[in-house]
Amino acid sequence: MGYNFKLQKVLDVKKVREELIEVKLAELEKLAERQRRELIIMEEARKEYMAQRTREREQGERLMEEAFFEKMLDNLERKIEELKSYLRELERQIAQTKEELVCASLERKVMEKLREKDYQEFSLNVQKSNQKLLDEVAIQMYLRREI
């Protein structure tokens with residue numbers, strides 16, 4: 001007589017759900033890290049443009065180049081703000097996914113505790129059944145000796 005947990009399929013589903021959330025979280029964190037690196041590159045480019053603009057102003061460069069730098073900087077600033085906004089959204093999604101993972105983990109742990117208790121109860125019943133069988137065998141052997 002083997003042990004069979006009645007809610008094993010539910011436990012399996014909860015494990016799969018937790019694993020899927022872990023994968024989603026890892027993907028979101030990887031994406032956020034790439035976006036952070038891209039943001040750093042953009043901010044460094046902005047600093048370089050600003051430094052170049054300052055150097056050219058000091059050298060008295062033409063007004064046309066000034067307009068070009070202004071337009072480039074505006075475009076870069078807009079992209080940086082969009083990226084920052086996207087990163088904030090990613091961070092929100094990461095936090096939400098972490099909460100989902102905690103909930104999924106707790107649900108799985110509850111099911112595993114339930115399985116443990118069920119298995120202990122099963123083991124106790126098997127022990128009682130075995131002990132009852134041994135007691136009956138012992139009684140039968142005793143009665144056979146007496147006769």
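Note that the structure is a prediction, hence the values are computed from the model and not measured.
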(request) Could you work out the complete set of other residues in the hydrophobic cluster of L20, with links drawn between I, L, V, M, F, W and Y side chains under 4.5 Å apart? (result) V16
(message) Among residues at least two apart in sequence or on other chains, which ones pass side-chain contact (heavy atoms from CB on, under 4.5 Å) with R36?
(response) A32, E33, L87, E91
(request) Starting from the C-alpha separation in whole Å, work towards a yes-or-no answer on side chain to side chain contact (heavy atoms under 4.5 Å, CB included) for R115 and Q120. (result) CA-CA 9 Å; R115 182 180 63 184; Q120 288 174 351; over 6 Å; no
(message) Can you list everything that forms a side-chain contact (heavy atoms from CB on, under 4.5 Å) with E19? Sequence neighbours excluded, please.
(response) E22
(request) Calculate, to the nearest 0.5 Å, the distance between atoms CD and CD belonging to E77 and E43 respectively. (result) 9.0 Å
(message) For a side chain to side chain contact (heavy atoms under 4.5 Å, CB included) check, start with the C-alpha distance between K15 and E112, then their side-chain angles and the critical distance, and finish with the verdict.
(response) CA-CA 10 Å; K15 284 180 182 178; E112 286 178 346; 3.4 Å; yes
(request) Could you list who else is in V137's hydrophobic cluster, with ILVMFWY side chains joined at under 4.5 Å, directly or through other members? (result) M141
(request) Can you measure from CD (Q131) to CG (L133) and round to the nearest 0.5 angstrom? (result) 9.5 Å
(message) Quick check for you: to the nearest 0.5 Å, what is the distance between E44 atom CD and L39 atom CG?
(response) 10.0 Å
(message) Checking one residue: I40. Which other hydrophobic residues are in its cluster under the side-chain 4.5 Å linking rule?
(response) none
(message) Please tell me whether V110 and L11 are part of a single hydrophobic cluster in this structure, the criterion being side-chain heavy atoms less than 4.5 Å apart.
(response) no
(request) Output yes when a side-chain donor or acceptor of T54 lies under 3.5 Å from a complementary backbone atom of M50, and no otherwise. (result) yes
(request) Taking atom types as modelled, find out whether Q8 and D12 have a side-chain donor-acceptor pair closer than 3.5 angstrom. (result) yes
(message) Are more than 12 heavy atoms, taken from residues, nucleotides or ligands other than K109, located less than 6.0 Å from that residue's NZ atom?
(response) no
(message) Between E121 and K117, does any NZ, NE, NH1 or NH2 come within less than 4.0 Å of an OD or OE carboxylate oxygen?
(response) no
(message) For E82, is there an ion pair with R78 - N to carboxylate O distance below 4.0 angstrom?
(response) yes
(request) Can you sort out the partners of Q93 under side chain to side chain donor-acceptor pair (under 3.5 Å), two or more places apart, ordered by chain and number? (result) E89
(request) For side chain to side chain contact (heavy atoms under 4.5 Å, CB included), just list the numbers for L83 and K79, CA-CA rounded to whole Å, side-chain angles, deciding distance to a tenth of an Å, and then say yes or no. (result) CA-CA 6 Å; L83 191 54; K79 286 182 180 179; over 6 Å; no
(request) Examine distances only and state if a side-chain atom of S129 and a backbone atom of N125 form a donor-acceptor pair shorter than 3.5 Å. (result) no
(request) Report yes or no: do R92 and Q96 form a side-chain donor-acceptor pair below 3.5 Å? (result) yes
(request) Go through the structure and list residues passing salt bridge (charged side-chain N to carboxylate O under 4.0 Å, His left out) with E48, not counting sequence neighbours. (result) R55
(request) Check ring-ring contact (aromatic ring centres under 6.0 Å, His included) between Y49 and all other residues, then give those that pass, not counting sequence neighbours. (result) none
(message) Under the rule for side-chain contact (heavy atoms from CB on, under 4.5 Å), what residues qualify as partners of D118, not counting sequence neighbours?
(response) Y3, F5
(request) Could you list who else is in L106's hydrophobic cluster, with ILVMFWY side chains joined at under 4.5 Å, directly or through other members? (result) V102
(request) Could you pull out all residues at least two apart from V10 that satisfy side-chain contact (heavy atoms from CB on, under 4.5 Å)? (result) L7, K14, M111
In a table with atom names and distances, give each donor-acceptor pair under 3.5 Å that connects a side chain of residues 23-31 to protein atoms at least two apart or in another chain.
none

